[in-house]
Amino acid sequence: MSARGEPAIPHKTVCKKKNRENYLTLDGNIDAFFLRSYFPLELGRTQLSIPISLLIDADADGKHINLDDSRASEMIVIRPQNRNRRVNHRVGSWKVLAIRVIDSTGDAPTKSVSELGTDIFDDAFNLDNSAQACSKGRLSFKAATGDAVVNGVINVNLSKSMTNYTSDSEVRNEALSLIPKDPNAVNDYTFTILVMPDSSKSFLSGAKAWLPGTMSWYRDLYGSDPTYLLHELGHNPGHGHSGYGKYNEYGDPTCTMGGGGYSNGANDDLGKMCFNAAKMYYFGWFSEYNQNVDPSTIAYTGQLVGTNDVVKGDISTGQDMVVKLYSNGEIDLFMMYQKTEGITEDIDSDYATTFNNHVVIVEQSGDSKGSWVKASLAAGDVYTQRDWNGGTLVVQMGKPHRLVFVQKVNAWTLTKDSSWVKRNPMIHCKRRFVSSMCPVTCGTCGYENCRDGGLRFRQGGSKKTSCSWIKRRPDKIKKRWCNKSGVSQICRYTCGHCSLSARNGNIFSGY
């Protein structure tokens, strides 16, 4: 598979032994190059994406790749061939080795070895206790040990000044090669953190990580910031970014994989936040409190509980943490209640009024994908998504907050449709019979759930009709009308379709 933006490599050009079909000869320091691999190499499953520009024709000697070429470490991508591989390291206790990188002039990260170890592993707010807090102890990161290791950290000294390196991968590869090979010097570890001097800013703006993998690297003080550490080590188990707004893929202020541009600056004891609904769902830490709902087949009514309360154990039978909404041909939606308290207290102040005490809905197309905020609902708010498997998805946050009702409403055509009502519900819902036609939008489910809509409407391309006209028809004709798409959800009493009532009683009676 060719790298992005490069011409495709002929599919018969494969790495094989000489004299067997087409083959590529790997020249240079092969061992050093493959140190950059971030997952175990597996026979028959490891794949290289190689730009065509790196291939050297040697006539009878076949094609060659010079792995010592500085472009190779930047352009060749190593990954498993199976894209549906299981992502590891989401649960368990893992050893972490932090590498403090010093160049040949003595330029080093601001924090000393002991200070860096304290920031990462020992501060009141650090990588380990933030991961444990969000997962209720199901994921933890502990300092690596060994004779050469000080509180999880070692120094390595590069052969050149930082200004003579052209990329973070060049620094990274040399630094990794300098890790002591003696198992007594550095004991077994799983995750690797590299912290480079601030002078690396010409090629490293903040921090990066493999997705998935076990390695992340940081410019100076970013490596002391637990928010950045948890973000990058969130990539390692396979999580993408969390976006919000039109273009900002980092914009979700409720999620460590977004952060809304949140930055702690020099204060590495701020930034308490966990993960949004999609990430929490795929982490699987609290799967017993997750619900999977297809609104095309069943309505959902329930109360959502935020991360901080779930971790404290303040969640009761019948309450949920994450609700996944799915349907045939649709991108999955995930809902979770957001409250700025405890382990999720440090949401950026710019977003507090629009996200605190809200049910946040995010869209994510699958595990390891990026997510995007679709809505943030306060008490009484309604989110609708048209063309949801042939209908309209309706999500309403009840009163009190955290009470959520979800259903799919089949499509129908009104003289004034629900989008017209939603544009100004305070005015339009007060008009005669409008609330009976749009009880979800108008928040009148509590007393309209088994009442017929009081206005005339069109079903598909038919002439206008009304529930009272349908009610007067013979049973056979009435049944035919009620079976038409959307009619039973307007003529709820006539058709015996009280779809807006709750599963366990009328939860909306407190409006």
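All residue numbers in this chain count up from 1 along the given sequence. Given the structure is predicted, the values throughout are model-derived calculations rather than measurements.
Taking the ring centre of W285 as origin, the terminal cationic atom of R138 falls outside the region bounded by 6.0 Å and 45° from the ring axis. Under the 6.0 Å distance and 45° angle rule, K478 does not count as a cation-pi partner of W481. Under a cutoff of 6.0 Å and an axis angle of 45°, K136 and F286 do not form a cation-pi pair.
Under the 3.5 Å distance criterion, the side-chain polar atoms of N389 are left unmatched by any main-chain donor or acceptor of G329. With hydrogens and angles ignored, the 3.5 Å screen pairs a side-chain donor or acceptor of N126 with a backbone N or O of F121. At distances below 3.5 Å, not a single donor-acceptor pair connects side-chain atoms of T256 with backbone N or O atoms of H231. Judged purely by atom type and a 3.5 angstrom limit, R473 uses its side chain to pair as donor or acceptor with the backbone of W469. The backbone N or O of G366 lies less than 3.5 Å from no partner atom in the side chain of D332, so there is not a single donor-acceptor pair. No donor-acceptor pair closer than 3.5 Å links the side chain of R386 to the backbone N or O of T392. Looking at Q303, its side chain never comes within 3.5 Å of a backbone N or O of Q319 through a donor-acceptor pair.
With rounding to the nearest 0.5 Å, the separation of CD in Q291 from CE in M335 is 10.0 Å. One finds the CD1 atom of I361 at 7.5 Å from the CG atom of L393 (value rounded to the nearest 0.5 Å). Atom NE2 of H241 and atom CG of N248 lie 10.0 Å apart (nearest 0.5 Å). Within the model, atoms OG of S376 and CG of D252 stand 9.5 Å from one another, a figure rounded to the nearest 0.5 Å. Taken from CG in L127 to CG in L230, the straight-line distance is 6.5 Å, to the nearest 0.5 Å. Distance check: E363 CD to S371 OG gives 9.5 Å after rounding to the nearest 0.5 Å.
Side-chain N/O atoms of N356 and T340 include a donor and acceptor closer than 3.5 Å. Y300 and D320 are linked by a side-chain donor-acceptor pair at a separation below 3.5 angstrom, with hydrogens and angles left out of the test. Side chains of T190 and T214: a donor-acceptor N/O pair is absent below 3.5 angstrom, by distance only. Inspection of the T344 and T307 side chains reveals no N or O donor paired with an N or O acceptor under 3.5 Å.
Counting heavy atoms from C-beta on, the side chains of S93 and K142 come closer than 4.5 Å. For the pair W388 and S296, the minimum side-chain heavy-atom distance is below 4.5 Å. Put simply, the side chain of I193 does not reach to within 4.5 Å of the side chain of E232, judged on heavy atoms. For the pair I120 and L229, the minimum side-chain heavy-atom distance is below 4.5 Å. No side-chain heavy atom of Y326 sits less than 4.5 Å from a side-chain heavy atom of F334. By the 4.5 Å heavy-atom criterion applied to side chains, M215 and L194 are counted as neighbours. D309 is not listed as a side-chain neighbour of I315, based on a closest heavy-atom distance of 4.5 Å or more.
When every heavy atom of C134 is checked against every heavy atom of V311, the shortest pair comes out as O-CG2, 4.1 Å. Summarising the geometry of N129 relative to A124, their closest heavy-atom pair is ND2-O, 2.8 Å, with the distance given to 0.1 Å. Residues A209 and N236 come closest through the heavy atom pair CB-ND2, 3.8 Å. The heavy-atom pair separating A277 from V362 by the smallest distance is CB-CG2, 4.4 Å. The shortest heavy-atom contact between R90 and P237 is NE-O, 2.9 Å. Between L233 and S216 the shortest heavy-atom distance is CD1-OG, 3.4 Å.
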Between W372 and N276, does the side chain to side chain contact (heavy atoms under 4.5 Å, CB included) criterion hold? Intermediate values first, please.
CA-CA 10 Å; W372 215 269; N276 68 19; over 6 Å; no
What's the verdict on side chain to side chain contact (heavy atoms under 4.5 Å, CB included) for Q396 and V382, showing C-alpha distance, side-chain angles and the deciding distance?
CA-CA 4 Å; Q396 179 167 1; V382 178; 3.9 Å; yes
Determine, stepwise, if the pair Y337 / N357 fulfils side chain to side chain contact (heavy atoms under 4.5 Å, CB included).
CA-CA 7 Å; Y337 177 63; N357 289 335; 2.8 Å; yes
Quick one: do C491 and C467 satisfy disulfide bond (SG atoms under 2.5 Å apart)? Show the steps, please.
CA-CA 5 Å; C491 305; C467 295; 2.1 Å; yes
Does F275 form a ring-ring contact (aromatic ring centres under 6.0 Å, His included) with F283? I'd like the steps, not just the answer.
CA-CA 9 Å; F275 300 88; F283 261 124; 5.0 Å; yes
Walk me through it: do V322 and M336 pass the test side chain to side chain contact (heavy atoms under 4.5 Å, CB included)?
CA-CA 5 Å; V322 176; M336 190 168 72; 3.8 Å; yes
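Aromatic rings from F141 and F191 are positioned such that their centres are separated by under 6.0 Å.
More than 12 heavy atoms of other residues, nucleotides or ligands lie within 6.0 Å of NZ in K312, so this atom counts as buried by the packing criterion. Within a 6.0 Å radius of CG in N328, other residues, nucleotides and ligands contribute 12 heavy atoms or fewer.
Considering V395, N292, I331 as possible partners of L325, the one that fulfils the side chain to side chain contact (heavy atoms under 4.5 Å, CB included) test is V395.
No salt bridge links K471 with D452; every basic N to acidic carboxylate O contact stays at or beyond 4.0 Å.
A distance below 2.5 Å between sulfur gamma atoms is met by C495 and C482.
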